[in-house]
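To start, the structure itself, in structure tokens.
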Amino acid sequence: AEGTAVIQNGPAFATSCTTCAAGTYAAGTGNDECTDCAAGTYQDTAGQGSCTDCEEGKYTDAVAQTACTDCTAGTYAAGTGNTACTDCAAGSYSDADQSTECTDCEEGKYTDAVAQTECADCTAGTYAAGTGNTACTDCAAGSYSDADQSTECTDCEEG
């Protein structure tokens, strides 16, 4: 039957089939061994004929797994069947486990490193226009920003 295999221990004749363990499978009938689930897949139930792809935001990096592992905050896994999580790029973040994408830093914030769980505010005297910033820009001579998380600088008035 599907999900079983004849496992012989020594030269004796097989008298029954053995159920494949969780983390393995046997497709179809007439199998003489169970096959490990590939990385990126799992099987949590014994006696199955196939493995299941890890869902979005999860991965397995080894064979014969019975569950997938959540990607941690600062990383993500898009699509199914992932064998690893990907670090969020500089200028973006993920603040929860099992993320399927990263979010660009909002205006006035930045990250200058990968795998971040939050963005930092630009400090007074600097700004960050637009989203996805990897750095803050100093205000030019003759202009200023007097608050953190500024998105632009203000020109100084005459005098």
Restricting to non-hydrogen atoms, name the atom on [X] and the atom on [Y] that form the minimum distance, rounded to 0.1 Å.
{"X": "Thr131", "Y": "Glu106", "answer": "CG2-CA, 4.2 Å"}
{"X": "Thr24", "Y": "Cys37", "answer": "N-SG, 4.0 Å"}
{"X": "Ser92", "Y": "Cys102", "answer": "OG-CB, 3.7 Å"}
{"X": "Ala77", "Y": "Cys71", "answer": "CB-SG, 3.5 Å"}
{"X": "Asp112", "Y": "Ala90", "answer": "C-CB, 4.0 Å"}

Nearest 0.5 Å please: distance from the [atom1] atom of [X] over to the [atom2] atom of [Y].
{"X": "Cys17", "Y": "Asp32", "atom1": "SG", "atom2": "CG", "result": "11.0 Å"}
{"X": "Glu118", "Y": "Tyr93", "atom1": "CD", "atom2": "OH", "result": "9.5 Å"}
{"X": "Gln48", "Y": "Tyr25", "atom1": "CD", "atom2": "OH", "result": "13.0 Å"}
{"X": "Cys119", "Y": "Glu107", "atom1": "SG", "atom2": "CD", "result": "12.5 Å"}
{"X": "Tyr59", "Y": "Thr86", "atom1": "OH", "atom2": "OG1", "result": "11.5 Å"}

Short question: side chain of [X], backbone of [Y] - any donor-acceptor pair under 3.5 Å?
{"X": "Thr83", "Y": "Thr60", "value": "no"}
{"X": "Thr103", "Y": "Ser94", "value": "no"}
{"X": "Gln43", "Y": "Ser50", "value": "yes"}

- Residue list, side chain to side chain contact (heavy atoms under 4.5 Å, CB included) with Asp121, at least two apart or on another chain: Lys109, Asp148, Gln149

- Query: Heavy atoms, side chains only, cut-off 4.5 Å: are Val114 and Gln116 in contact?
  - Reply: no

